[in-house]
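Following: one structure in structure tokens, then a few remarks.
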Amino acid sequence: MPELPEVETIIRGLARRVINRRIAGVEFHEPRTVVGDPAQAVERLLGQTIRGIRRHGKYIVFDLQKGRKESCLVVHLRMSGNFVLDGEPGPHTRAIVELEGGPTMVFHDIRKFGRWQVSDDLPARLLQLGPEPLEISESEFVKQLRGRRAMAKALLLNQEFLRGLGNIYADESLFRARIHPRAITSRIGVKRAARLHRAIQEVLTDAIAQGGSTINNYVNSEGGQGYFQLSTAVYGKTGEECTVCAAPILRIIVASRSTHYCGRCQRP
DNA sequence: CGAGTCCTGTGT
DNA sequence: ACACAGGACTCG
């Protein structure tokens, strides 16, 4: 479900209420949710104080401290994971973290794809990811993009190229930059590449700004709607009129993912 | 590169 | 019954 803007909104919502709280209780209801042995993870989490929450691409990193020792809890929400503070446990609850003098973090995940990992250091996987889309400079982005030979959509989804974009924002960014999803990146001109850089940053910034006010509820209570109020230009708009030229929005498969674009605005 | 896999729910 | 879902890994 969540891409960079949603994860960003979620960590902001969490940060306000869980920073400097100590973990007083941990339950895992679904062993798959945990990388490694759940009982061991519980052991390692108990008594830890949450000193910070960061987003790394689509990963959520909880910085933990107990005495002099630091460690971290890394959570990836994948398709359907979400946090609800003081939420009601239900059939889809996979983990619960009780904080001393603070809220209880209830983790729901219908599809069970979400993963929690407790680790001394940031797992290697995270360090292999590409730069943050909102931090990379235009010149660096242009250089990297043109230095690779891949379909534009596939490259945007590749977390080792950029971390945090997913299917929605990849489509939306390409539409805004008027680049065909199957365009070969090594052949994209400097000007178009720069346009894509700008498009990505605008799309993400807008989404964070929009999501911010509404997804907070998402974190604080059941049934938040921020995510569903998200307005898209092409994603999920197959057959509807393009907002720019009124041509129908098309749907194709690229990188094994459903891909939406305007056949007139985004020429091959 | 694409295809299959992990899961469950929803919509047609 | 079937297609599809906002992710990412493994395989050929």
Side-chain angles (χ1 to χ4, degrees), chain A residues 1-11 28-36 55-60 74-83 90-95 107-117 123-130 133 148-175 181-187 200 203-204 206-208 210-211 214-215 218-219 222-239 249-261:
Chain A
M1 175 201 286
E3 302 181 31
L4 186 155
E6 290 73 36
V7 178
E8 179 64 29
T9 303
I10 286 168
I11 67 154
F28 288 111
H29 295 195
E30 169 56 60
R32 282 174 191 285
T33 297
V34 188
V35 175
R55 183 185 56 72
H56 190 90
K58 298 173 199 169
Y59 290 83
I60 298 171
V74 174
V75 176
H76 197 304
L77 307 170
R78 292 287 182 97
M79 296 287 263
S80 59
N82 69 0
F83 279 99
H92 301 121
T93 300
R94 312 300 180 199
F107 181 71
H108 297 300
D109 184 17
I110 290 175
R111 293 176 74 178
K112 304 183 182 174
F113 290 161
R115 289 293 177 270
W116 289 39
Q117 181 173 5
R125 179 131 292 163
L126 274 68
L127 299 173
Q128 289 163 3
L129 301 181
R148 299 282 292 260
R149 193 174 188 287
M151 288 189 280
K153 170 74 180 274
L155 193 55
L156 292 187
L157 289 179
N158 182 348
Q159 304 296 298
E160 292 183 13
F161 176 71
L162 273 189
R163 62 172 120 114
L165 282 191
N167 212 26
I168 294 178
Y169 297 108
D171 281 2
E172 295 297 316
S173 299
L174 288 169
F175 171 73
R182 288 202 170 114
I184 301 302
T185 53
S186 56
R187 299 181 54 194
I200 290 169
V203 163
L204 294 178
D206 284 0
I208 292 171
Q210 276 182 32
T214 42
I215 287 194
Y218 185 86
V219 165
E222 195 72 51
Q225 318 212 325
Y227 199 67
F228 303 98
Q229 293 172 351
L230 196 100
S231 62
T232 60
V234 288
Y235 184 85
K237 302 287 190 184
T238 313
I249 300 303
L250 307 176
R251 177 179 177 277
I252 59 175
I253 301 295
V254 181
S256 303
R257 307 295 298 281
S258 133
T259 299
H260 316 73
Y261 73 107

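Predicted model, so just to flag it, every value in this text is computed and none were measured.
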Between C:dC4 (C1') and A:Ile168 (CD1): distance, integer Å: 14 Å

Whole angstrom value for the distance that separates P of C:dA5 from CD of A:Glu3: 13 Å

Just the atom pairs and distances: protein N or O near nucleotides 8-11 of chain B's N or O, under 3.5 Å.
| from | atom 1 | to | atom 2 | distance (Å) |
| --- | --- | --- | --- | --- |
| B:dT8 | OP1 | A:Lys112 | NZ | 3.0 |
| B:dG9 | OP1 | A:His92 | NE2 | 2.8 |

Flag, side chain of A:Asp109 to backbone of A:Arg94, donor-acceptor distance under 3.5 Å: no

Nearest-Å distance for atom pair CG/C1', residues A:Leu157 and C:dA8: 11 Å

Interatomic distance, A:Arg115 CZ vs B:dC6 P [rounded to whole Å]: 12 Å

Flag, side chain of A:Glu3 to backbone of A:Tyr169, donor-acceptor distance under 3.5 Å: yes

Nucleotide nearest A:Gln159 when distance is taken to its side chain, options C:dA8, B:dC6, C:dA5: C:dA8

Distance test, side-chain N/O of A:Ser258 to OP1/OP2 of C:dA5, below 4.0 Å: yes

Toward the 5' end of DNA chain C, by each residue's nearest nucleotide, A:Arg251 or A:Glu160: A:Arg251

Would you list the protein and nucleotides 1-5 of chain B atom pairs, both N or O, that sit under 3.5 Å from each other?
| from | atom 1 | to | atom 2 | distance (Å) |
| --- | --- | --- | --- | --- |
| B:dA3 | N7 | A:Ser256 | OG | 3.4 |

A:Ser80 side chain vs A:Arg78 backbone, donor-acceptor pair below 3.5 Å: no

Inter- and intrachain pairs under salt bridge (charged side-chain N to carboxylate O under 4.0 Å, His left out), touching residues 148-158 of chain A, at least two apart: A:Lys153-A:Asp171

Check: A:Leu157 main-chain N/O paired with A:Gln159 side-chain donor or acceptor under 3.5 Å: yes

Parallel, tilted or perpendicular: ring planes of A:Phe83 versus A:Trp116, cut at 30 and 60 degrees: tilted

Spacing of CD1 belonging to A:Ile60 relative to CZ belonging to A:Arg55, to within rounding of 0.5 Å: 10.0 Å

Main-chain N/O of A:Leu165 paired to A:Lys58 side chain as donor or acceptor, under 3.5 Å: yes

A:Arg163 side-chain N/O to A:Gly130 backbone N/O, donor-acceptor pair under 3.5 Å: yes

Under the salt bridge (Lys or Arg N to Asp or Glu O under 4.0 Å) test, residues paired with A:Lys112 that sit two or more places apart: A:Glu30

Counterpart residues, salt bridge (Lys or Arg N to Asp or Glu O under 4.0 Å), relative to A:Arg111 (two or more places apart): none

side-chain N/O A:Arg125 vs C:dC9 OP1/OP2, d < 4.0 Å: yes

Stacking check A:Phe113 vs C:dA8 (5.5 Å / 30 deg): no

Involving DNA chain B, stems made of at least three consecutive Watson-Crick or G-U pairs, both distances under 3.5 Å: B:1-6 with C:7-12, B:8-12 with C:1-5

Rounded distance (Å) that lies between atom C1' of B:dC6 and atom CG of A:Leu77: 17 Å

